[in-house]
Amino acid sequence: MIPYETLFENNRQWIAQKTAGNPAYFAELAKAQTPDYLYIGCSDSRVTAEELMGVGPGEVFVHRNIANLVNNIDFNVMSVIEYAVKQLRVKHIIVCGHYNCGGVQAAMVPEDLGILNPWLRNIRDVHRQHAPELSAIADPQERYNRLVELNVREQCVNVIKTAVVQLAYLADGYPVVHGWVFDLHTGALIDLNIDFDGILKGIRDVYNLENPSPGAPPTA
């Protein structure tokens, strides 16, 4: 366990390191943020966005929650997406899951988990939607890993369903949505090669929010 006081000493060392070669580092950092990337990831303490991507402060806008979910009634993640697209004008939105995800593993177990039930139901719904594929995987670890990947894909679809992403993409050609998985065993980032354009075209019959009819109620 790291002693609490050590965190402040680490902070002082970090400040010294950052200002050693550039005394104006923090003055410049405080001016504004102009990230090109929104990263939606898991809250797992082993998966830190900036470090695994090799980027510094100001280069990626980050939202994290248990099992990297994008739920349309979660005002937290919806507000983050809205701000990132409208105000920061990010070019890429990344949903990043990881193997050995505790949230995904918990959702695979049919038991009462208290307050976690409504949250994990989102992953259980993914499990239900892809039950034939998952049931055909004999190895439990491979089945677990596949659900991690499928969960990332479905959360990417949820991002694409949002009006703010659809309208921005129609107007500007961005943001583009990507799905990644971080492999804790190797440190590698795996691009799931989400077919952004294909998914967008595939959901338009139901989720097309680009040109809503006058007076029509919103669908997402």
Side-chain angles (χ1 to χ4, degrees), residues 2 4-72 74-99 101 103 151-153 155-156 158-184 186-194 196:
I2 300 173
Y4 177 75
E5 294 77 11
T6 302
L7 301 179
F8 291 92
E9 177 56 33
N10 291 345
N11 174 251
R12 286 187 285 270
Q13 293 178 14
W14 177 70
I15 294 170
Q17 180 187 16
K18 290 297 183 181
T19 56
N22 180 11
Y25 176 85
F26 289 104
E28 294 169 0
L29 187 66
K31 290 178 181 177
Q33 59 170 329
T34 56
D36 286 330
Y37 299 92
L38 166 60
Y39 172 99
I40 301 172
C42 183
S43 297
D44 194 298
S45 61
R46 301 166 295 178
V47 186
T48 53
E50 292 87 351
E51 187 171 5
L52 64 89
M53 295 170 68
V55 298
E59 295 182 282
V60 57
F61 195 57
V62 177
H63 174 80
R64 297 169 67 181
N65 61 45
I66 293 175
N68 43 272
L69 297 184
V70 179
N71 187 328
N72 71 301
D74 175 7
F75 291 115
N76 194 339
V77 70
M78 287 294 119
S79 297
V80 167
I81 293 172
E82 182 92 5
Y83 183 78
V85 174
K86 278 194 170 182
Q87 305 301 321
L88 300 179
R89 300 179 63 81
V90 297
K91 308 301 187 295
H92 303 272
I93 299 176
I94 299 160
V95 179
C96 185
H98 66 96
Y99 297 135
C101 178
N151 183 53
V152 167
R153 184 188 184 281
Q155 304 318 311
C156 287
N158 288 342
V159 175
I160 297 169
K161 289 175 184 177
T162 62
V164 67
V165 170
Q166 290 186 28
L167 293 172
Y169 185 73
L170 178 67
D172 305 316
Y174 59 84
V176 175
V177 179
H178 310 271
W180 295 357
V181 173
F182 177 61
D183 189 341
L184 282 166
T186 66
L189 280 173
I190 301 166
D191 190 342
L192 298 180
N193 295 309
I194 298 298
F196 173 72

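Side chains are part of it too, since the values below use all heavy atoms of this structure and drop only hydrogens, waters and symmetry mates.
From Leu7, atom CG reaches atom CH2 of Trp14 across 13.5 Å, with rounding to the nearest 0.5 Å. The distance from atom CG of Asn11 to atom OG1 of Thr6, rounded to the nearest 0.5 Å, is 12.5 Å. Separation of atoms CG (Asn71) and CE (Met78) is listed at 7.0 Å; rounding is to 0.5 Å. Atom CH2 in Trp180 sits 11.0 Å away from atom CG in Leu192 (nearest 0.5 Å). The distance from the CD1 atom of Ile94 to the CG atom of Asn68 is 12.5 Å, given to the nearest 0.5 Å. The distance from atom CG of Asp183 to atom CG of Leu52, rounded to the nearest 0.5 Å, is 12.0 Å.
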| Check against side chain to side chain contact (heavy atoms under 4.5 Å, CB included), Val47 and Cys42 | CA-CA 7 Å; Val47 186; Cys42 183; 5.6 Å; no
| field | Derivation and outcome, side chain to side chain contact (heavy atoms under 4.5 Å, CB included), residues Tyr99 and Leu184 | value | CA-CA 6 Å; Tyr99 297 135; Leu184 282 166; 5.8 Å; no
| request: Determine, stepwise, if the pair Leu69 / Asp74 fulfils side chain to side chain contact (heavy atoms under 4.5 Å, CB included). | output: CA-CA 9 Å; Leu69 297 184; Asp74 175 7; over 6 Å; no
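Between His92 and His178, the two ring planes are tilted [angle within 30° to 60°].
With respect to Cys96, the side chain to side chain contact (heavy atoms under 4.5 Å, CB included) criterion is satisfied by exactly one of Val181, Leu189, Val152, Ile40: Leu189.
Residues Phe196 and Val177 form a side-chain contact, since some pair of their non-hydrogen atoms from C-beta on lies under 4.5 Å apart. You'll find the side chain of Val165 reaches within 4.5 Å of the side chain of Ile81, heavy atoms only. By the 4.5 Å heavy-atom criterion applied to side chains, Phe26 and Ile15 are counted as neighbours. Residues Asp44 and Cys101 form no side-chain contact, since every pair of their non-hydrogen atoms from C-beta on lies 4.5 Å or further apart. For the pair His98/Arg46, a side-chain contact is recorded, criterion being any heavy-atom separation below 4.5 Å from C-beta on. When side chains are defined from C-beta on, Val70 does not count as touching Thr162, because their heavy atoms never get closer than 4.5 Å. Residues Ile93 and Val85 meet the side-chain proximity criterion, which asks for heavy atoms closer than 4.5 Å. Counting heavy atoms from C-beta outward, Asn76 and Asn65 have side chains that stay 4.5 Å or more apart.
Using modelled atom types, one side-chain atom of Asn151 and one backbone atom of Ala67 make a donor-acceptor pair closer than 3.5 Å. At least one donor-acceptor pair closer than 3.5 Å links the side chain of Gln166 to the backbone N or O of Ile160. Between the side chain of Lys91 and the main chain of Arg89, a donor-acceptor pair closer than 3.5 Å is present.
Lys18 is linked by a side-chain hydrogen bond (donor to acceptor under 3.5 Å, both in side chains) to nothing, counting only residues two or more places apart in sequence or in another chain. With sequence neighbours excluded, no residue forms a side-chain hydrogen bond (donor to acceptor under 3.5 Å, both in side chains) with Tyr37.
In summary, the side chains of Glu9 and Gln13 do present a donor paired with an acceptor at a separation below 3.5 Å, with no hydrogens or angles considered.
Heavy atoms from other residues, nucleotides or ligands lying under 6.0 Å from CD1 of Ile2 number 12 at most. More than 12 heavy-atom neighbours from other residues, nucleotides or ligands sit within 6.0 angstrom of CZ on Arg64.
Across every non-hydrogen atom of Ile194 and Cys156, the tightest pair is CG1-SG, 4.0 Å. Considering all non-hydrogen atoms of both residues, Ser43 and Ile66 come closest at OG-N, 3.7 Å. Nearest approach of Pro35 to Phe61, heavy atoms of both residues: CB-N, 3.9 Å.
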